[in-house]
Amino acid sequence: MNTLIKLNALKTLLRHLIRIGLGLAIAFLVISCEKTVEKKSSNNQNVVPAEAQVRMRAIFERGEFDAKTFTATWLPDGSGYTVMELDSGTNAHVRVGYDVVSGERSVLDSLQIEIRGSVSPDGMRDLYTDQGNLYIRDISSNQTIQITNDSTSDTIWNGNTEWSPDGRQIVYVQRDQSNVRLRPMLMPVDPSYPKVRYARYARVGETIPSLRVGVAAAGGGNTRWLSIPAPIEGFYLGQVSWAENSDEVLIEWFSRGRNKRDFLMANAKTGQLTSIYQESDSAWVAGSRRWSGGLVWIREGGAFIIMSEKDGWRRAYVYSRNGKEEVALTPDSVDIIDGLSSTFRYDWRNMVDEAGGWFYYYASPDNPIQKYLYRAPLNGGGEAERITPEDQPGWHDYDFSPDFRWAFHTYSTFNTPPVTDLVELPQHSRVRVLEDNDELRANIETFAAQSTELIQLDIGRGVVMDAWMIKPSDFDPSRKYPVFKYVYGEPARQKVLDSWNVRYTNINFHRMIADLGYIVVCIDGRGTPAPKGAAWRRAIFPNLGPLSTDEQAAGVLEIGRTRPYIDLSRVGIWGWSGGGSNTLNAMFRKPDVYHVGIAVVPKPQPDLYHASFQEIFMRTIEENPGGYRQSAPINFAEGLKGDLLIIHGTGETNTHLQIVEGLVDRLIELGKQFDYMTYPNRDHGISEGEGTSLHLRMQITRYLLTHLPPGPR
């Protein structure tokens, strides 16, 4: 628009100049300007350079930068493992076994018995859920017994089952959503006459599903319901299992706000309850999002191991069966890295080697963006020892054999793709490489040669934040570059890890962006689930949003202060989901720091979001009205000065479209200019439909190039 205004002014000047005899020369100049404007207008339809388009197609269409993973199942005795492979002769998948020592390969019987759920202790029956009801099938005869018949399509569901050790009973959880409000959603069956689908949705402060625990005989009959505490506001359940015998059931119980946790022992016949462990916290307790929840029985049920943050660090403890603390297994002031912080989801309860006398765990005492394997004696009588070799800095994941003698070990860094090998423990000697990702490495050398720098930013008051930074391949330190910041900044995930964490960092996309002439940055501040102590993670309670906004902006200013090649007059920011919310907060609350923002599927009204997530960190709006006011980007929309693009899917089941459209209406009311792009019928990942993922990244790139000029100055 500015170019057109200047052109009109030039035409007016021309008319005056013609009168004094200079019209011909100036007329030629105006015609040239008009052609230039036309050309620029045409180019704006496709401002993404051809090379960048090629790279994005390689990433999002052909998957040339996707790492291959190795998946196998250990044999029960740890002597070997099985994998599914494609038979070159028949083009069919066959099950193949490998000897762990020799690597000898043998094709196994490809006809496997179909198992739908969990197999009984005697190996003869299969317990499974079908359309919310429970069934037990005799594997040899295929005869089925229906255990429950009360499930309905969208209200009652029975699941989370477990066999009793003697195989005579099962325990299960019933979830009843009858009182959870229904939310209508359009189904694109016919463009003129779409159908309406109703789904249960428990938002902040509303009724959540009710839960109960039942015990049923494996032969059928009535369920015995256990009388667990059921406050009117509701509650949540974690681990529900048999307590190492067929007479008692273990129930992990959480308050609605997840600030209280209670392990209950219930007599399966009488229903009598006994509490063996209780924990509370002013913010939230360990296990609130399951990754560090539950317990592990040892000594044939005489004691158990539990994860807790009661002393300010995530540590493992041994308690006797009656709930008396015996010993802390892991060191003081060192966090265990749980499954939430990991790029490889794991259950810490599978890392207890009782026969060998060890508790295995992940930690990184000296660098919170890396991960290593440690082990500590189960009797608490010795020092923890590191198993991962010292000469392999980065990120490590392990899948143990049942006897803990062997493991599938996957190692990567931010700049190097994963390699999976078979190692022998505890000496960590390599037996053979199982997946090297050589093809991916070759592709990286072609398209993504520049390395990522892992840095730390000290913003004062004892807060040191981890960050990564990508420079253009032709970086010139004597010139200044615009910054494009990728943000998440919420408790669900770290984005700064020394790992090939492509799924959660969009690193290959960001390498392409950097080569367009930007410095791409990502920062993890307080509130992210880094292994830096409970105080770091809980610093955002009970006000999810403002602290992250302040510290992220401080991080940007610190980068600019310490690096002369940073151009703080050209700063853009983008994020997805919680990162989209942080992008809105950045653009609304820090308009002098950020000049361009791209918010993908944000939640500008947190009080309309899921109760199960939001209430952990903020409680209900009735309990914390001030916190919800301060956390909601919609309440600060008047601060928008820069260029803002909001992207959403109309088929959202997570951050529903109406959560965002409330902000759209508010920006319109305020007279704020912004851009808004919706993808029809796409959900939270905006990936449904051919070409969607590529189109979205093209849209982000085009908006960035148009509104935040690339290249050094």
Side-chain angles (χ1 to χ4, degrees), residues 60-130 135 137-140 142 159 161 163 339 342-347 349-351 395-412 417-425 430-443 499-504 685 687 693:
F60 298 107
E61 282 190 341
R62 300 191 296 275
E64 293 178 7
F65 292 88
D66 294 344
K68 295 179 181 178
T69 58
F70 176 80
T71 303
T73 301
W74 284 104
L75 296 177
D77 62 0
S79 63
Y81 52 91
T82 64
V83 297
M84 296 300 295
E85 295 181 356
L86 192 66
D87 185 273
S88 57
T90 63
N91 205 35
H93 283 91
V94 294
R95 191 165 61 102
V96 176
Y98 287 90
D99 183 85
V100 70
V101 177
S102 67
E104 182 180 352
R105 179 181 184 273
S106 58
V107 178
L108 306 176
D109 184 2
S110 59
L111 296 176
Q112 300 184 62
I113 299 173
E114 180 188 8
I115 300 299
R116 303 177 187 177
S118 60
V119 178
S120 60
D122 62 7
M124 303 298 292
R125 292 161 295 167
D126 178 20
L127 169 62
Y128 64 94
T129 300
D130 185 13
Y135 298 84
R137 178 176 64 96
D138 185 278
I139 295 174
S140 60
N142 207 34
T161 58
W163 289 95
S342 177
T343 55
F344 171 84
R345 296 304 191 200
Y346 79 98
D347 189 337
R349 292 169 295 181
N350 296 329
M351 300 181 70
W395 197 266
H396 298 260
D397 291 300
Y398 297 80
D399 181 357
F400 299 98
S401 63
D403 58 4
F404 285 85
R405 181 182 173 188
W406 315 92
F408 305 131
H409 163 238
T410 301
Y411 169 50
S412 72
V419 172
T420 301
D421 54 8
L422 174 66
V423 296
E424 186 174 6
L425 300 176
R430 174 181 282 183
V431 179
R432 70 184 69 93
V433 175
L434 302 171
E435 178 55 65
D436 55 20
N437 274 302
D438 280 348
E439 184 177 346
L440 173 58
R441 292 170 192 274
N443 290 336
S499 160
W500 189 259
N501 190 17
V502 173
R503 177 182 176 188
Y504 298 120
S687 59
S693 294

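The first residue in the sequence is number 1, and the count goes up from there. Fair warning: this is a prediction, and the values are worked out from it, not measured in the lab.
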Using only atom types and a distance under 3.5 Å, with no angle test, would you say the side chain of S401 pairs donor to acceptor with the backbone of G78?
no
I need the R137 CZ to R125 CZ distance, nearest 0.5 Å.
12.5 Å
Starting from the C-alpha separation in whole Å, work towards a yes-or-no answer on side chain to side chain contact (heavy atoms under 4.5 Å, CB included) for W500 and L440.
CA-CA 12 Å; W500 189 259; L440 173 58; 4.0 Å; yes
Check R441 against D436 and note the closest heavy-atom contact, atom names and distance.
NE-O, 3.1 Å
Checking F400 against N350 for the side chain to side chain contact (heavy atoms under 4.5 Å, CB included) test, could you report, in this order, the C-alpha distance in whole Å, the side-chain angles of both residues, the deciding distance, and whether it holds?
CA-CA 9 Å; F400 299 98; N350 296 329; over 6 Å; no
Do R105 and V96 have side chains that approach each other closer than 4.5 Å (heavy atoms only, starting at C-beta)?
yes
Evaluate D421 against H409 for side chain to side chain contact (heavy atoms under 4.5 Å, CB included), listing each step before the verdict.
CA-CA 5 Å; D421 54 8; H409 163 238; 3.0 Å; yes
Nearest heavy-atom pair of P402 and W74: which atoms, and what distance?
CD-CB, 3.7 Å
With side chains defined as the heavy atoms from C-beta onward, is the minimum distance between R116 and Y135 less than 4.5 Å?
no
Would you find a donor on one side and an acceptor on the other, under 3.5 Å apart, between the side chain of D99 and the backbone of S102?
yes
For A67, is there any backbone N or O sitting under 3.5 Å from a side-chain donor or acceptor partner on N437?
no
List the atom of V419, the atom of R430, and the distance in Å for their closest heavy-atom pair.
CG1-NH2, 4.2 Å
For the residue pair L425 and F404, what are the closest heavy atoms and their distance?
CB-O, 3.8 Å
So which atom in T71 and which in V83 form the shortest heavy-atom distance, rounded to 0.1 Å?
O-CG1, 3.5 Å
Parallel, tilted or perpendicular for F70 and Y81, by the 30°/60° rule?
perpendicular
Strictly distance-based, threshold 3.5 Å: is any side-chain N or O of W406 a donor or acceptor partner for the main-chain N or O of L422?
no
Distance in Å, D438 CG paired with K68 NZ, rounded so as to fall on 0.5 Å steps
9.5 Å
Applying salt bridge (Lys or Arg N to Asp or Glu O under 4.0 Å), run through D347 and R349 and close with a yes or a no.
CA-CA 5 Å; D347 189 337; R349 292 169 295 181; 2.9 Å; yes
Atom of D399, atom of A72 and distance for their closest heavy-atom approach
OD2-O, 4.3 Å
Derivation and outcome, side chain to side chain contact (heavy atoms under 4.5 Å, CB included), residues T82 and L75
CA-CA 7 Å; T82 64; L75 296 177; 3.9 Å; yes
With a sphere of 6.0 Å drawn around CD of E439, does it hold more than 12 non-hydrogen atoms of other residues, nucleotides or ligands?
no
Taking the side chain from D397 and the backbone from T410, do they hold a donor-acceptor pair closer than 3.5 Å?
no
